[in-house]
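One-based numbering along the sequence shown. Note: hydrogens, waters and symmetry copies are ignored here, and every other heavy atom, side chains too, is used.
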Amino acid sequence: MPYCTNCGKKLEDGEVCSCTAQTQEAAVQNEPPVQQAQQVNTNGQQPYSGAPQYGQPYNGGMQPPPYPNNGQPYPNQYPYPGPQGYQYAYDGQMLPPPPKKSKAWILAIVIPLGIVALMIIVILVAILVPAMLGYTKKSKQSTMNSRANTIFKAANTAVVELDEDGAKVDGVYIISSDQTRNTAVPFDIKEFYELEAKYYDEINEYDYFIVFNKGCAVYSAVSDSWDDKKSYIGSYPSGGTSGARLYSPDGSAETADDKDTLADLYRDALNKVR
């Protein structure tokens, strides 16, 4: 049977003496209170004492809590004094703006391409413009030659009809759109003009002259003006697209000069008729 080691009281199995229990309680009460370890943040600084503990709202929820980093926001944390999206250093200072992207590479590509394109355009213009001018000149020359041919046919038809009516049509003479330039016409010119307009209704819109020999038209020349050097001259027989032909009694093909006018061709034919 066990006994208390303090007072010697006889104890039952598992029983604790009352003097021993009182002694343990007094020892616990006399121990100093254990101080709660202070928490240290990751920066080695004491937590800010101004913020309420245990998740309570700061200042009754009226203002946001102060920043624990010495009252400054951590890097990349707002608010900052500058505009949102601006870059800041870790000490909270604004970084200089990043350099603008250079557009020199665009100019390096665009300028050579522009030069090449301009050169191509210049080459095409140098090739196409003369070709188009030449085509225009040939087209106008062909048009005037066609008109001279039409006048030639209308004049021959008119003379044939006059001959059938008994008019004298033999001889060498010149009939012109300008009556003052008519030479040695053996019949009534007014009747001829009426018949000529009957077979070519646009004949009065142009200046022309026709050379007759032995009752037939042998040569005709037509233009928009008697004296304009820039006007195209058509002839029949024609000189093709190279220009009008001069009148030739023997049928030789002599092309008129580019500077010749219809009046020049008329004077040349008049000299050959006389």
Side-chain angles (χ1 to χ4, degrees), residues 124-160 162-163 169-187 189 192-193 195-197 199-274:
L124 291 177
V125 169
I127 295 174
L128 295 179
V129 168
M132 293 186 66
L133 292 176
Y135 173 79
T136 301
K137 181 178 179 180
K138 291 180 180 179
S139 176
K140 291 182 177 180
Q141 184 63 53
S142 297
T143 299
M144 296 308 295
N145 289 339
S146 177
R147 288 172 181 166
N149 184 23
T150 303
I151 292 174
F152 180 89
K153 292 178 180 179
N156 258 334
T157 305
V159 169
V160 170
L162 288 173
D163 183 42
V169 296
D170 290 336
V172 180
Y173 47 92
I174 297 176
I175 297 178
S176 171
S177 59
D178 180 4
Q179 294 190 32
T180 61
R181 300 176 189 267
N182 292 342
T183 304
V185 180
F187 47 78
I189 193 63
F192 173 83
Y193 284 141
L195 291 173
E196 190 180 36
Y199 298 112
Y200 185 31
D201 55 359
E202 297 180 1
I203 194 167
N204 293 325
E205 299 179 6
Y206 308 105
D207 294 324
Y208 65 91
F209 70 91
I210 309 164
V211 179
F212 292 85
N213 188 6
K214 296 181 180 180
C216 296
V218 294
Y219 176 86
S220 65
V222 61
S223 180
D224 292 326
S225 172
W226 281 101
D227 300 308
D228 187 3
K229 293 184 179 182
K230 294 182 179 180
S231 296
Y232 288 87
I233 302 173
S235 66
Y236 186 84
S238 71
T241 57
S242 59
R245 280 179 56 176
L246 298 173
Y247 168 68
S248 176
D250 57 5
S252 61
E254 184 180 356
T255 303
D257 191 86
D258 290 339
K259 297 181 179 180
D260 286 342
T261 64
L262 183 63
D264 294 330
L265 269 65
Y266 169 80
R267 285 189 287 268
D268 179 78
L270 184 61
N271 293 330
K272 292 175 180 176
V273 167
R274 292 175 178 174

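Side-chain polar atoms of D264 and T261 form a donor-acceptor pair below 3.5 angstrom. Side-chain contact, D178 with S176: no donor N or O sits under 3.5 Å from an acceptor N or O. Counted by atom type alone, Y206 and R147 present one or more donor-acceptor pairs between their side chains at under 3.5 Å.
The CD1 atom of I175 lies 12.0 Å from the OG atom of S220; values are rounded to the nearest 0.5 Å. For the atom pair CG (L265) and CG (D260), the distance works out to 6.0 Å, reported to the nearest 0.5 Å. The structure places CD1 of I189 at 4.5 Å from CG of N182, a figure rounded to the nearest 0.5 Å. Atom OH of Y219 is separated from atom CD1 of I210 by 11.5 Å, given to the nearest 0.5 angstrom. Here the NZ atom belonging to K138 is positioned 13.0 Å from the CG atom belonging to N145, to the nearest 0.5 angstrom. Here the OH atom belonging to Y200 is positioned 13.5 Å from the OG1 atom belonging to T157, to the nearest 0.5 angstrom.
Under a 3.5 Å cut-off, the side chain of R245 and the backbone N or O of S252 do form a donor-acceptor pair. Of the possible polar contacts, one joining the N156 side chain to the A217 backbone as a donor-acceptor pair under 3.5 Å is found. With hydrogens and angles ignored, the 3.5 Å screen pairs no side-chain donor or acceptor of S231 with any backbone N or O of D227. Judged by distance alone, the side chain of S223 and the main-chain N or O of Y232 form a donor-acceptor pair under 3.5 Å. Checking side-chain atoms of Q141 against main-chain N and O of I233 turns up a donor-acceptor pair under 3.5 Å. Side chain of D207 to backbone of S177: no donor-acceptor contact under 3.5 angstrom is found.
Across every non-hydrogen atom of I203 and A197, the tightest pair is CG2-CA, 4.1 Å. When all heavy atoms are compared, the tightest approach of P237 to V218 is CD-O, 3.7 Å. The heavy-atom pair separating S242 from D258 by the smallest distance is O-OD1, 4.4 Å. The heavy-atom pair separating A244 from G234 by the smallest distance is CB-C, 4.4 Å.
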Applying side chain to side chain contact (heavy atoms under 4.5 Å, CB included), run through T143 and K140 and close with a yes or a no. CA-CA 5 Å; T143 299; K140 291 182 177 180; 5.5 Å; no
Apply the test side chain to side chain contact (heavy atoms under 4.5 Å, CB included) to residues T241 and K137: give CA-CA distance (whole Å), side-chain angles for both, the deciding distance (0.1 Å), then the verdict. CA-CA 8 Å; T241 57; K137 181 178 179 180; over 6 Å; no
Quick one: do S248 and E254 satisfy side chain to side chain contact (heavy atoms under 4.5 Å, CB included)? Show the steps, please. CA-CA 8 Å; S248 176; E254 184 180 356; 6.0 Å; no
Using the rule given for side chain to side chain contact (heavy atoms under 4.5 Å, CB included), can you reason through V273 versus Y247, listing the C-alpha separation, both sets of side-chain angles and the distance that settles it, and then say yes or no? CA-CA 9 Å; V273 167; Y247 168 68; 4.1 Å; yes
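Heavy-atom neighbours of F192 CZ from other residues, nucleotides or ligands within 6.0 Å: above the threshold of 12. More than 12 heavy atoms of other residues, nucleotides or ligands sit less than 6.0 Å from atom CD of E205. Heavy-atom contacts from other residues, nucleotides or ligands closer than 6.0 Å to NZ of K272 number more than 12.
Taking the ring centre of F209 as origin, the terminal cationic atom of R181 falls outside the region bounded by 6.0 Å and 45° from the ring axis.
The closest side-chain heavy-atom distance from V185 to F212 is not below 4.5 Å.
Between F187 and Y173, the gap from one ring centroid to the other is short of 6.0 Å.
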